[in-house]
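What follows is a single structure, written as C-alpha cells, with notes after it.
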2 protein chains.
Amino acid sequence: MINTTLKKLSEVSGLSISTISRALKNHPDISEKTKLLVTELASTLDYEPNINAVHLRTKNSRLFGVIVPSISNFFYDSVIASLEEEGRKNNYSLMILQSGDDPEIEAANIKLCRQNRVNGLFACITPETKDIEPFLKLKEVDVSVIFFDRVPERSDCHKVCVADIDSASMAANLIVEKQKKKVLALFGNSNFLITKKRFNAFTEIMNQHSIAYITAYSSSEIHAEELTNECLTLKPDTIFCMTDEILTGVMRAIQKKQLKIPDDIAVIAISNGFIPTLYYPQITYIETSGKKLGKLAFQSMMATLSGSTFIQDRTIESILVKGGSI
Amino acid sequence: MINTTLKKLSEVSGLSISTISRALKNHPDISEKTKLLVTELASTLDYEPNINAVHLRTKNSRLFGVIVPSISNFFYDSVIASLEEEGRKNNYSLMILQSGDDPEIEAANIKLCRQNRVNGLFACITPETKDIEPFLKLKEVDVSVIFFDRVPERSDCHKVCVADIDSASMAANLIVEKQKKKVLALFGNSNFLITKKRFNAFTEIMNQHSIAYITAYSSSEIHAEELTNECLTLKPDTIFCMTDEILTGVMRAIQKKQLKIPDDIAVIAISNGFIPTLYYPQITYIETSGKKLGKLAFQSMMATLSGSTFIQDRTIESILVKGGSI
DNA sequence: AACATTATCGCAAACGTTTGCAGTTGATAA
DNA sequence: TTATCAACTGCAAACGTTTGCGATAATGTT
C-alpha cells in the first residue's frame, strides 16, 4: 500500500485538496466542522505530510547539518545531544555527519548539506582541512555556518570554542599551587590552534614559576600510553593531560606500573567529565562542557539566521572539578 | 543568492531541462559533447540537485531511520557507526533519532520516519514500549523494520540481537571453572527479554554447580554502586556485571574500598569492550559487538528490501576477552 | 532518389505540497 | 427583488526533479 496523501483525503472526503491542507493547519478560513472532519479522517488514515514535498514547496527544510569527527566521542556526543535538544525546542531537525577526520569525507558531507538544502551548518573541521572555501561558499546559498571546537584561524567566520588559554592556565595554576616540581605535559594534535594556545599558556606559567616540565603531543590513547612509559623514567611528579584520550592512555601506564595517585604521581586533565570519574581517586579536571558549547552554538546560529551580520566569536569558560588526583 | 537549478542551467546553456538532467546522469541519449558542456557548467555554477525534489519525484529516499535510546553510549555508538559504514557502501543515508527511553519521543520519532518516507527503520525499543503497533503499521507503507538489541517478544518481526543466553552462560562457566564460591550477579533492566534470558541461563549454571549467588537488577551506574556497597558486606568473591553501566558503578565501589582485583574480589562483565580496558588489571569480559550487530542488521534490512518475506531472527555470538580480573 | 535507421534532443506530465486569488453559497439589508 | 457582505471553499500555479514519448536532423541503405 502507498502513503496517504492530501489527494486521497480529498477524494475520500469530497473536499478539495486546498481545503484539506488548510483544515490540517488550522487556517481561519475553514469552518470548525470541516476541520474536525478532516483531522479525524487524517488520523484514521494515518496521514503524515510528505516532508519532501513540503520542503520543496516552502523552500525551508528546518534542518541543520552538523559535522563532527566522530559521534563516538564523549565531547561531541554531548555537543550533539545539546544541539538536538535546542533544535527540538525550536522545531529544527539535525542531520548528523561524521568526517572521520578525513577531508574528503568532509567535502562529501558539505555536498550532502547542499543537496539537502540545510538552513545552517555546525562544523568541526578536520586537522587536515586547509581550504575552508567550500564552507564559506555555503553563504552564497544562504546557509550560515557556525564553526565549533576546531575552527579555522581566519577571523571572518562564526566560531564557538571551549576555553583554550584559560583551561590550560587553570591547570597550570593548580600545579603551581600544589607546589609541584616536575611536570609531564601531554598535548593533543599540534595542528590545532587550540593546542598551540594551550601549549603557550601552560608553558608560560611553568616558566614563570620555574617549574621543570617535559612536553609532548599525542592524538591517541596508545601513543599517550607509550609516551608516558618513556617519560616516567624521568620521574615527573605530575602529569597534565589535555584530552580524555590522553588521560586514558596515561592512566593505563600509571596503573600498570602500580603507581599511587596522588602520592607517587599527580594527575590533572582537561576533560568532558566522564572518564575522570571512573578512577579512584577521581581525577581532578578542568571541565570543557560540550553541552554548554552546543547551546551557545545554537544561539549563534539563531542570531545569524535572524539577520545578524555581526561575526560571532564566543568562548565557553571552564570550571575546575576537584577530584583527589592532585 | 538562490541555489542553482536545472532550469537555470537550462537557461544559461540554451538546452532543455530534460537534456540537462540526462546529461548529468550520463544518459546514453546525450552526446559526449553536450555532456561535457553540461557537467562543466554545472560544476562552475556549483549545481547540487535538490534532494527533496528528487525524492518526491522518484519516491525513493534511500534513507534509513535508526532509533536508539541515546547515541552517548558505547554500544549504540558502534552500532550506528557500523550501520553508517554499510549505508555508505550501499548509497543509503541514516536519520539518527534518540528516544531517551521515552515512549512518547519514540512515537514522535516513528512519525518523523513516516514524514521523511524512510525506506527502512532500525529500531531499539524503550523499556516501556508496550505497544509496537506503530512500528508494525510502517509495513503498510512499505517500510521494513528491523528491531535490534532490545526487541519485542512477539515472533512476527525481524530481530537482530547479541547473544543472550550464551553470553551469560560463558560468564557463568568461567566462574565455575575458576572455582568461585559466592557470586554477586548484577543484571540490567528487568523489563527486557534479554535480561530475563540471561538471568535464567546464569542462575541455572550456578545452581547446577551449587555455587552461592546473590542477584539484583540495576539500570544505572549510581544504583549499581550502591548495590555493590550493600552486598559487599556479604563477602562475595566474584561480581558479575551484565552491562558497562553496571561495571562502572561496581568498579567505583571496589576502588573506593581499595579491594584488590582479582585477589580480594574477581570481576567479570558483559561489555562492548571499551570500559573494561580502562582498569588495571583489565576486566575479563564477554564481548557483545555493536559493530557486528550493525552489520548483521543491515544485511537483514537488505534482505527484506529485496523482497525476502522470511522473518529474520539473528544473533551475534559472543567471544570471551580475557583480562586479569578473574 | 526514396526510405529506413540512428543519434540527439525537447515537451509535458507527474510527484505532494502550499497559497494567492477567485468563486460559490446563504443570509441580511435596502 | 436585488444588492451587499461574510463565511467557506476550490482553482491553478509553483517548488525542482525524472522520464515516457514524440520530434528533428543526420546518416546509412537500397
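Order of the sequence lines fixes the chain letters, A, B, ..., with proteins taken first and strands second; residue numbering starts at 1 for each chain.
For D:dT9, one of the phosphate oxygens OP1 or OP2 lies less than 4.0 angstrom from a side-chain nitrogen or oxygen of A:T34. For the OP1/OP2 pair of D:dT9 and a distance below 4.0 Å, the side-chain nitrogens and oxygens of A:S31 include at least one atom meeting the criterion. OP1 or OP2 of C:dC9 has not a single side-chain nitrogen or oxygen of B:T19 nearer than 4.0 Å. Taking only side-chain nitrogens and oxygens, B:K59 comes nearer than 4.0 Å to OP1 or OP2 of C:dG16.
Using a 4.0 Å heavy-atom cutoff across all strands shown, B:I30 reaches sugar-phosphate atoms only and no base atom. A:T5 comes within 4.0 angstrom of the backbone, heavy atoms only, and of no base. Within the nucleic acid shown, B:S18 comes within 4.0 Å of at least one base atom, counting heavy atoms only.
As rounded to whole Å, 16 Å separates atom P of C:dG23 from atom CG of A:D29. Rounded to an integer number of Å, the gap from A:H27 NE2 to C:dG20 C1' is 10 Å. The interatomic distance linking B:R114 (CZ) with C:dG16 (C1') rounds to 16 Å, in whole Å. In this structure, the CG atom of A:N50 is 16 Å from the P atom of D:dT17, given to the nearest Å. The separation between B:R117 atom CZ and C:dT17 atom P is 7 Å, rounded to whole Å. When the C1' atom of D:dT17 is taken as reference, atom CG of B:N52 falls 11 Å away, rounded to whole Å. Taking atom CG of B:N60 as the reference point, atom P of D:dT19 lies 11 Å away to the nearest angstrom. The nearest whole Å value for the distance from the NZ atom in B:K7 to the C1' atom in D:dA14 is 9 Å.
Closest to the side chain of B:L15, out of C:dG10, C:dT17, D:dG16, is C:dG10.
Between the side chain of B:N119 and the backbone N or O of B:F64, no donor-acceptor pair lies under 3.5 Å.
Residue-to-nucleotide proximity on DNA chain C shows that, of B:E32 and A:Y47, the 5′-proximal contact is made by B:E32. If you find the closest nucleotide of DNA chain C to B:K35 and to A:L6, the one lying nearer the 5' end belongs to B:K35. In terms of position along DNA chain D, the nucleotide closest to B:E48 lies nearer the 5' end than the nucleotide closest to the other residue of the pair B:E48 and B:R22.
Residues B:M301 and B:E86 form no side-chain contact, since every pair of their non-hydrogen atoms from C-beta on lies 4.5 Å or further apart.
Checking B:S21 against B:S18 by side-chain atom types alone, no donor-acceptor pair falls below 3.5 Å.
Considering CG of A:N3 and CG of B:D142, their distance stands at 8.5 Å, rounded to 0.5 Å.
Ring-centre distance between B:F122 and B:F148: not below the 6.0 Å cut-off.
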